[in-house]
Number of protein chains: 2
Amino acid sequence: MADQGKTVAEARSDFIEKIGVIVQTEGLPRIAGRVLAILLFDGERLSFSQLAELLQVSRGSISSSVRLLETQQMIKRVAKPGDRQDYFQIVENAFPHLIEASVLRARRAAADIEDSLAEIPHSEEGPRRRVAEFAAYYRAMSDGMSEVARLLRDKG
Amino acid sequence: MADQGKTVAEARSDFIEKIGVIVQTEGLPRIAGRVLAILLFDGERLSFSQLAELLQVSRGSISSSVRLLETQQMIKRVAKPGDRQDYFQIVENAFPHLIEASVLRARRAAADIEDSLAEIPHSEEGPRRRVAEFAAYYRAMSDGMSEVARLLRDKG
DNA sequence: TAGTGTGTTCAGTCTTTATTGAACGTCGAT
DNA sequence: ATCGACGTTCAATAAAGACTGAACACACTA
């Protein structure tokens with residue numbers, strides 16, 4: 001079997017670190033990736049201090065990481081009766097939300113480039129055509145990713 | 001008209017700097033973005049030293065930027081008869097090639113996460129299901145982006 | 001009211017990455 | 001062979017960003 005010799009704790013720890021690296025590759029802070037990974041793996045809510053403890057990082061880092069993940073709607077802050085601490089858990093449709101964040105960035109880039117296009121004199125046919133292709137690339141990417149998000153949402 | 005008061009030179013310069021920033025946002029070196037922008041805007045081949053001169057950066061930076069853009073198949077190195085210098089120009093289907101690079105990264109991430117999944121004991125249904133969702137996200141993204149590349153290729 | 005536990009902020013430090021510029025090997029011309 | 005122009009490499013520097021930890025404001029408890 002594929003999981004021979006691995007305990008759950010080892011698999012979880014490996015997963016957390018692996019996602020940290022992948023997320024870092026995508027240009028986001030590694031700690032944010034690790035927070036996401038642990039919340040995804042465990043599924044249930046974890047407290048602010050649990051996150052700092054489990055990941056062995058400062059509270060400041062947890063604060064900024066959860067803020068980033070909240071703004072991308074990957075995790076949500078929840079309350080636990082009888083506990084003053086903030087708890088966090090992965091949201092439903094986390095990945096579609098992540099995609100929507102990328103969609104927004106691509107739309108913004110497309111709009112930026114379309115602004116540039118508007119500033120090129122109409123006599124410049126070649127540059128206008130090529131810059132328009134660049135804008136079209138971002139438009140196609142945003143539309144395509146939006147469709148991927150929809151598919152994931154419908155399936156899940 | 002939208003291009004009132006802007007010369008071609010101004011529009012080109014603004015475009016180059018804007019793409020530099022956008023590309024930087026995506027995690028790539030700003031100079032690579034500026035090289036790409038100038039080759040896209042002008043359309044025609046530019047020499048190694050022209051790039052260094054026009055962008056006011058060191059030859060070392062041009063060397064590493066063009067190498068990066070070449071590996072992503074965004075630009076190609078071409079010869080000019082009677083000139084020893086390397087020349088560069090934007091390739092056909094540059095944007096589909098750019099997308100394919102992202103597709104590869106996403107596929108690699110999906111495979112990585114599928115490896116992690118294989119290490120989680122089968123008794124752990126919850127974690128296995130959620131980690132599988134993560135892998136499915138990368139799979140869906142790579143497939144979706146691949147389709148976007150195909151669409152752009154067919155249209156252009 | 002003081003005291004404790006909470007999350008945020010921010011100045012400082014550390015790490016990573018981008019960029020420079022000089023040294024180098026190569027090629028072609030003379 | 002020497003020279004000069006070329007592109008690459010790499011050590012050093014600069015710039016950007018992540019992370020820490022202490023100070024802080026707030027809320028709840030006693």
Side-chain angles (χ1 to χ4, degrees), chain A residues 16-39 45-72 74-89 101 105, chain B residues 16-39 45-72 74-89 101 105:
Chain A
I16 291 167
E17 297 310 321
K18 184 175 288 186
I19 299 306
V21 171
I22 290 177
V23 163
Q24 194 171 33
T25 300
E26 310 214 342
L28 296 172
R30 178 201 287 225
I31 293 183
R34 303 208 297 149
V35 168
L36 174 65
I38 199 170
L39 290 174
R45 63 194 174 190
L46 291 176
S47 73
F48 192 98
S49 57
Q50 276 180 310
L51 291 173
E53 172 71 18
L54 291 167
L55 300 178
Q56 286 292 298
V57 297
S58 69
R59 291 183 298 151
S61 288
I62 296 297
S63 179
S64 63
S65 292
V66 295
R67 179 152 38 89
L68 174 63
L69 293 170
E70 276 182 296
T71 62
Q72 300 209 346
M74 294 295 292
I75 69 175
K76 61 184 172 187
R77 201 175 293 241
V78 299
K80 181 175 179 180
D83 192 334
R84 276 174 55 200
Q85 277 188 84
D86 288 355
Y87 278 72
F88 299 91
Q89 68 180 36
R105 273 195 302 278
Chain B
I16 290 167
E17 297 310 320
K18 185 176 286 185
I19 299 306
V21 171
I22 290 178
V23 163
Q24 195 171 33
T25 300
E26 309 213 342
L28 296 171
R30 179 201 286 225
I31 292 182
R34 302 209 297 149
V35 168
L36 174 65
I38 198 170
L39 290 175
R45 63 195 175 189
L46 291 177
S47 73
F48 192 97
S49 57
Q50 275 180 310
L51 291 173
E53 171 70 18
L54 291 167
L55 301 176
Q56 286 293 300
V57 297
S58 69
R59 289 182 298 153
S61 288
I62 296 297
S63 179
S64 62
S65 293
V66 295
R67 178 154 37 88
L68 174 64
L69 292 171
E70 275 183 298
T71 63
Q72 301 209 346
M74 294 294 291
I75 69 176
K76 62 183 172 186
R77 200 174 295 239
V78 298
K80 181 176 178 180
D83 192 333
R84 276 173 55 201
Q85 278 189 83
D86 289 355
Y87 278 72
F88 300 90
Q89 68 180 38
R105 273 194 302 278

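Please read these numbers as outputs of a predicted model, since none were measured by experiment. Protein chains get the first letters and strands the later ones, always in sequence-line order, with residue 1 at the start of each.
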In whole angstrom, what separates [X]'s [atom1] from [N]'s [atom2]?
| X | N | atom1 | atom2 | result |
| --- | --- | --- | --- | --- |
| A/L28 | D/dA16 | CG | C1' | 15 Å |
| A/E26 | D/dG17 | CD | P | 17 Å |
| B/I62 | D/dT9 | CD1 | P | 15 Å |
| B/L55 | C/dA18 | CG | P | 17 Å |
| A/I75 | C/dG7 | CD1 | P | 13 Å |
| B/L68 | D/dT8 | CG | C1' | 16 Å |
| B/D83 | D/dA5 | CG | C1' | 11 Å |
| A/F48 | C/dT9 | CZ | P | 11 Å |

| said: Test of understanding: with side chain to side chain donor-acceptor pair (under 3.5 Å), list the residues that count as partners of B/S63, not counting sequence neighbours. | reply: none

| field | Residues which pass side chain to side chain donor-acceptor pair (under 3.5 Å) with B/K18, listed by chain and number, not counting sequence neighbours | value | A/S116

| request: Can you run down the salt bridge (Lys or Arg N to Asp or Glu O under 4.0 Å) pairs that involve residues 22-35 of chain A, sequence neighbours left out, and say none if there aren't any? | output: A/E17-A/R34

| message | A/E53: which residues meet the salt bridge (charged side-chain N to carboxylate O under 4.0 Å, His left out) condition with it, sequence neighbours left out? | response | none

| request: Under the salt bridge (charged side-chain N to carboxylate O under 4.0 Å, His left out) rule, collect the residues that match up with A/E70, sequence neighbours excluded. | output: A/R77

| Which parts of nucleotides 19-30 of chain D does protein reach within less than 4.0 Å, heavy atoms only, written one letter per nucleotide 5' to 3' as B for base, S for sugar-phosphate only and - for none? | SBB-B---BS--

| If each of A/Q85 and A/R67 is mapped to the nucleotide of DNA chain C with the nearest heavy atom, which maps nearer the 5' terminus, i.e. the 5' end? | A/Q85

| task | Considering non-hydrogen atoms only, spot the tightest contact between B/V35 and B/S65 and give its length. | result | CG2-CB, 4.1 Å

